[in-house]
Amino acid sequence: MKWKKLFHELDHGGMRTANSFTGGAAVAQFLRSQYLGKKVWQLRWKPVCASTEFDLSDWLKEKPFKGQIPRALIAARQTHGMGQRGRIWKAPAGGVWISAAFPLIGDQKSAGLLGLAVAVAMVHRLEKYCVSAQIKWPNDLLVGDRKLAGLLPRLVYRGDRLRLGRIGLGLNVCNHVPDGGISLVELLRPINCQPFLWAAEVLFALDCAMEMIEDAEAVRYEAENLLWAQEVKDPETEMVWEIDGLDINGALRLRKGSYKTVWNRWA
């Protein structure tokens, strides 16, 4: 697919550490030394915040988004991280907790498609470290049956015009995880489990997702091949549905006998 070359160009060679840098400076230094793409990011880093989503919103109000330079707010830890359906996402030190805003062009976008593009891009970044992940619809990355990462996509409009894409993303790196979770430190050597490194890898993935989303059918196809299961249980009715794939907006298509339905998590 057309973005395979992009992933190759974004791949980095020998590992470099940023021992002389901390926080956002470490992420920025790694980007400068390793990143071969053309995009520049505006970064803010905090040692602790309630939620990167809240702080990014404040940043956008304080300095409205103009031009084409994407922004990312990164926290070493969060006290009230946001998960799906308003749940608290535990975000202790040692993980990567990022909220980003970036320009999107055109009117054929959806939050569901954006979420799939980011998920696919993250799977590719993990593959570079021989970590095999799958997409648990609508917004998790799993290794085996354990949760490695979660994301929350949003689209921001001004009137009828699409203005921004937003993503909140949490990735377990070397932090403690709750039951059912997994951190990269369980899968990789310690040198490859530095939060600044994975913050940069997330930014690489977001750059790729911005390119990938222009080919919605290709995103849908690849995400469909990365789905975690062949069937899913309705949490309200406990009815088990066969997964019949994804639609172009990222909704989950389901089948039970001759009856079909669609689940659409993101409005």
Side-chain angles (χ1 to χ4, degrees), residues 1-4 6-7 82-85 87 89 100 102 104-127 131-157 162 164-171 180 202 204-267:
M1 292 181 184
K2 71 179 184 180
W3 60 73
K4 295 295 186 181
L6 178 62
F7 280 112
M82 294 175 61
Q84 186 182 187
R85 301 184 188 278
R87 298 188 186 104
W89 170 267
F102 38 83
L104 288 178
I105 300 171
D107 57 0
Q108 301 301 313
K109 310 293 191 298
S110 68
L113 179 64
L114 174 59
L116 290 181
V118 174
V120 169
M122 279 301 303
V123 169
H124 281 285
R125 297 317 301 169
L126 289 161
E127 285 175 349
V131 174
S132 180
Q134 292 178 299
I135 300 170
K136 181 180 179 183
W137 187 91
N139 67 327
D140 293 339
L141 294 183
L142 302 184
V143 173
D145 60 353
R146 299 166 68 188
K147 182 173 178 176
L148 177 67
L151 55 93
L152 291 173
R154 291 174 53 193
L155 299 183
V156 180
Y157 288 84
L162 176 60
L164 294 173
R166 285 186 56 164
I167 283 282
L169 190 147
L171 173 68
V202 169
F204 292 169
L206 295 182
D207 276 348
C208 289
M210 284 182 247
E211 301 285 343
M212 292 163 58
I213 199 173
E214 298 304 320
D215 190 345
E217 176 57 29
V219 171
R220 184 206 63 77
Y221 176 82
E222 187 154 0
E224 203 169 75
N225 289 327
L226 290 168
L227 288 176
W228 84 113
Q230 295 181 326
E231 59 183 29
V232 63
K233 181 186 288 187
D234 187 324
E236 296 182 359
T237 67
E238 297 193 348
M239 184 180 293
V240 176
W241 293 87
E242 179 184 349
I243 295 175
D244 202 26
L246 298 162
D247 74 11
I248 204 70
N249 292 314
L252 192 67
R253 299 185 307 191
L254 303 173
R255 177 196 299 269
K256 190 171 183 66
S258 60
Y259 187 71
K260 298 180 181 180
T261 190
V262 173
W263 289 356
N264 190 356
R265 171 64 181 90
W266 314 111

> Would a distance-only check, ignoring hydrogens and angles, find a side-chain to backbone donor-acceptor pair under 3.5 Å from Asp140 to Gly150?
no

> To the nearest 0.5 Å, what is the distance between CG on Leu113 and CD1 on Ile213?
4.5 Å

> More than 12 non-hydrogen atoms from neighbouring residues, nucleotides or ligands closer than 6.0 Å to CD on Glu217, yes or no?
yes

> Given the rule in the salt bridge (charged side-chain N to carboxylate O under 4.0 Å, His left out) test, do Lys260 and Glu242 qualify, once you have shown the distances and angles that lead to the verdict?
CA-CA 9 Å; Lys260 298 180 181 180; Glu242 179 184 349; over 6 Å; no

> To the nearest 0.5 angstrom, please state how far the CG atom of Leu169 sits from the CG atom of Leu152.
9.0 Å

> Would you find a donor on one side and an acceptor on the other, under 3.5 Å apart, between the side chain of Asn249 and the backbone of Ala251?
no

> Once rounded to the nearest 0.5 Å, what's the spacing between atom CE of Met122 and atom CG of Leu141?
6.5 Å

> Quick one: are Arg146 and Val143 in side-chain contact, heavy atoms under 4.5 Å?
no

> Considering non-hydrogen atoms only, spot the tightest contact between Gly165 and Leu114 and give its length.
CA-CD2, 4.1 Å

> Please give me the minimum heavy-atom distance between Leu116 and Gly250, naming the atom from each residue.
CD1-CA, 3.5 Å

> Considering non-hydrogen atoms only, spot the tightest contact between Leu155 and Ala111 and give its length.
CD1-N, 3.6 Å

> Just how far is it from atom CH2 of Trp241 to atom CH2 of Trp263, taken to the nearest 0.5 Å?
8.5 Å

> Which heavy-atom pair separates Ala119 from Ile135 by the least distance, and what is that distance?
CB-CD1, 3.8 Å

> Restricting to non-hydrogen atoms, name the atom on Ala149 and the atom on Leu171 that form the minimum distance, rounded to 0.1 Å.
CB-CD1, 3.8 Å

> Would you check, one step at a time, whether the test side chain to side chain contact (heavy atoms under 4.5 Å, CB included) holds for Leu148 with Leu126?
CA-CA 11 Å; Leu148 177 67; Leu126 289 161; 3.8 Å; yes

> Are any non-hydrogen side-chain atoms of Gln230 and Ile243 less than 4.5 angstrom apart?
no

> If you define the side chain from C-beta out and look only at heavy atoms, does anything of Met212 sit under 4.5 Å from Val120?
yes

> Using a strict threshold of under 4.0 Å (side-chain N to carboxylate O), is an ion pair present between Glu231 and Arg255?
no

> Taking all non-hydrogen atoms of both residues into account, name the closest pair between Ala209 and Ala121 and its distance.
N-CB, 4.3 Å

> Measure the spacing between OH of Tyr221 and CD1 of Ile248 and express it to the nearest 0.5 Å.
13.5 Å

> Under a 3.5 Å distance rule, please check whether Glu224 uses its side chain to pair with a backbone N or O of Leu246 as donor and acceptor.
yes

> Got a second to check how far Trp228's CH2 is from Asp145's CG, nearest 0.5 Å?
13.0 Å

